[in-house]
There are 2 protein chains.
Amino acid sequence: MAAVDQLSRVFSALADPTRRDMVARLTVADATVNELAEPYDVSVQAVSKHLRVLEDAGLVSRRRDAQRRPVHLEVEVFDLMTTWIERYRRRAEERYRRLDALLESLPDEPEGDIE
Amino acid sequence: MAAVDQLSRVFSALADPTRRDMVARLTVADATVNELAEPYDVSVQAVSKHLRVLEDAGLVSRRRDAQRRPVHLEVEVFDLMTTWIERYRRRAEERYRRLDALLESLPDEPEGDIE
DNA sequence: TTCGTGTTCAACCAAATGGTTGACGACAGG
DNA sequence: CCTGTCGTCAACCATTTGGTTGAACACGAA
């Protein structure tokens with residue numbers, strides 16, 4: 001398979017509105033492929049493919065229950081994203097704080113180039 | 001343009017490791033296209049395309065400074081993702097709480113698998 | 001064993017994606 | 001004005017993506 005990191009797969013999986021909707025519905029309850037497919041105007045096979053993408057991203061897992069393959073959401077994977085996001089959000093905010101402090105510490109400026 | 005919602009564009013933009021790295025670097029300081037391109041083993045044009053994707057997602061904006069086009073990160077857009085993520089994380093956790101409560105309210109089980 | 005239901009596999013297709021190279025537009029500095 | 005630098009536009013190409021249909025597999029029930 002592709003040599004792509006999980007974070008990329010997670011973001012990529014959630015970039016599709018149908019998949020995002022499926023994830024949203026799975027927060028309420030586990031569901032079978034047919035149940036998941038029902039609201040959408042696409043074939044069951046297409047939904048099956050979407051589920052494979054979600055599974056490759058680690059966002060869902062599947063049990064076997066007779067012919068059924070109930071799909072279960074693995075919410076912990078959300079942390080992968082929030083960790084990344086918060087890390088850089090923090091970094092950006094830190095930067096703004098420093099910038100504000102700098103501006104405040106300056107008297108009024110002509111054309112100062114400071115390093 | 002594509003009739004795709006912003007959240008999809010944001011997730012999609014961050015699904016690419018190069019773009020994620022560019023965003024990471026932009027948390028430290030604004031940068032020009034050439035500066036951004038320097039560490040990667042691709043053409044400047046390719047980086048320019050990546051920036052367009054990030055811009056369409058609302059993740060960056062560009063000023064004009066003579067020939068330069070300094071790129072600036074718009075961190076607020078992160079909120080779009082965290083809002084979505086936290087909403088469904090909460091929903092999933094809520095569900096587990098209810099499930100736990102239900103199990104606890106039951107008398108002892110025939111096929112109890114407890115660890 | 002045969003049938004029906006749920007799901008996946010395989011082949012195919014159109015559109016999108018990420019890369020390339022080459023030419024061009026915008027601008028500062030001789 | 002000419003020149004060099006920064007960046008984008010255009011055309012092209014290979015790969016991936018999201019969809020289709022038809023066949024096959026897995027399993028419970030009859």
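Throughout, a chain's letter reflects where its sequence line sits, starting with A, and its residues are numbered from 1.
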Note to self: For B/S8 and B/D5, which I'm curious about, is there any donor-acceptor pair between the side chains at under 3.5 Å?
What the structure shows: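 Short answer, yes.
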Distance, rounded to the nearest Å, where [X] contributes [atom1] and [N] contributes [atom2]:
X: A/D41; N: D/dG18; atom1: CG; atom2: P; result: 17 Å
X: A/N34; N: C/dT5; atom1: CG; atom2: C1'; result: 8 Å
X: B/L36; N: D/dC6; atom1: CG; atom2: C1'; result: 13 Å
X: B/R69; N: D/dG7; atom1: CZ; atom2: P; result: 9 Å
X: A/R63; N: C/dG6; atom1: CZ; atom2: P; result: 16 Å
X: A/E38; N: C/dG6; atom1: CD; atom2: C1'; result: 15 Å
X: B/Y40; N: C/dT20; atom1: OH; atom2: C1'; result: 19 Å
X: B/R52; N: D/dT8; atom1: CZ; atom2: P; result: 10 Å

Note to self: Go nucleotide by nucleotide along DNA chain D from the 5' end; which of A/V42 and B/E35 gets its closest nucleotide reached first?
What the structure shows: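 Closest to the 5' end, via its nearest nucleotide, is B/E35.
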Next item on the list: Go through the structure and list residues passing side-chain hydrogen bond (donor to acceptor under 3.5 Å, both in side chains) with A/T27, not counting sequence neighbours.
Entry: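 Checked A/T27 against side-chain hydrogen bond (donor to acceptor under 3.5 Å, both in side chains); matches are B/R91.
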Margin query: Are B/V44 and B/V33 packed together at the side-chain level, in the sense that at least one heavy-atom pair is separated by less than 4.5 angstrom?
Written below: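 The answer is yes; the side chains approach within 4.5 Å.
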Notebook entry, point to check: Mind checking whether B/L26 and B/L36 have side chains closer than 4.5 Å, heavy atoms only?
Noted result: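 Contact flag for B/L26/B/L36 side chains = yes.
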Next item on the list: Specify whether A/W84 and A/F11 have parallel, tilted or perpendicular ring planes, treating 30° as the upper limit for parallel and 60° as the lower limit for perpendicular.
Entry: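 Aromatic pair A/W84/A/F11 classed perpendicular.
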Item checked: Basic-acidic side-chain contact under 4.0 Å: B/E93, B/R90 ->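 Not counted as a salt bridge, because no side-chain N and carboxylate O are separated by less than 4.0 Å.
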Item checked: Salt bridge B/R89-B/E86, side-chain N to carboxylate O under 4.0 Å ->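 Salt bridge present between B/R89 and B/E86.
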Next item on the list: Between protein and nucleotides 21-30 of chain C, map the contacts as a letter string: B base, S sugar-phosphate only, - none, heavy atoms under 4.0 Å, written 5' to 3'.
Entry: BB----BS--
Notebook entry, point to check: More than 12 non-hydrogen atoms from neighbouring residues, nucleotides or ligands closer than 6.0 Å to CZ on B/R68, yes or no?
Noted result: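 Result for CZ/B/R68: open.
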Note to self: Under 4.0 Å from OP1 or OP2 of C/dG19: is there any side-chain N or O of B/H50 that close?
What the structure shows: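 For C/dG19, OP1/OP2 do have a side-chain N/O of B/H50 under 4.0 Å.
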Check: Quick one: is C/dT7 close enough that its OP1 or OP2 comes under 4.0 Å of any side-chain N or O from A/R62?
Finding: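 So the side-chain polar atoms of A/R62 never come under 4.0 Å of the phosphate oxygens OP1 or OP2 of C/dT7.
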Check: Among residues 14-24 of chain B, which contact DNA chain D at a heavy-atom distance under 4.0 Å?
Finding: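 Contacts with DNA chain D under 4.0 Å: none.
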Notebook entry, point to check: Of the candidate nucleotides C/dT20, C/dT8, D/dT20, which contains the atom at the shortest distance from the side chain of B/K49?
Noted result: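 Nearest nucleotide to the side chain: C/dT20.
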Next item on the list: Go through D/dT8, C/dG6, D/dC6 for me and flag the one nearest to the B/V44 side chain.
Entry: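 So the nucleotide nearest the side chain must be D/dT8.
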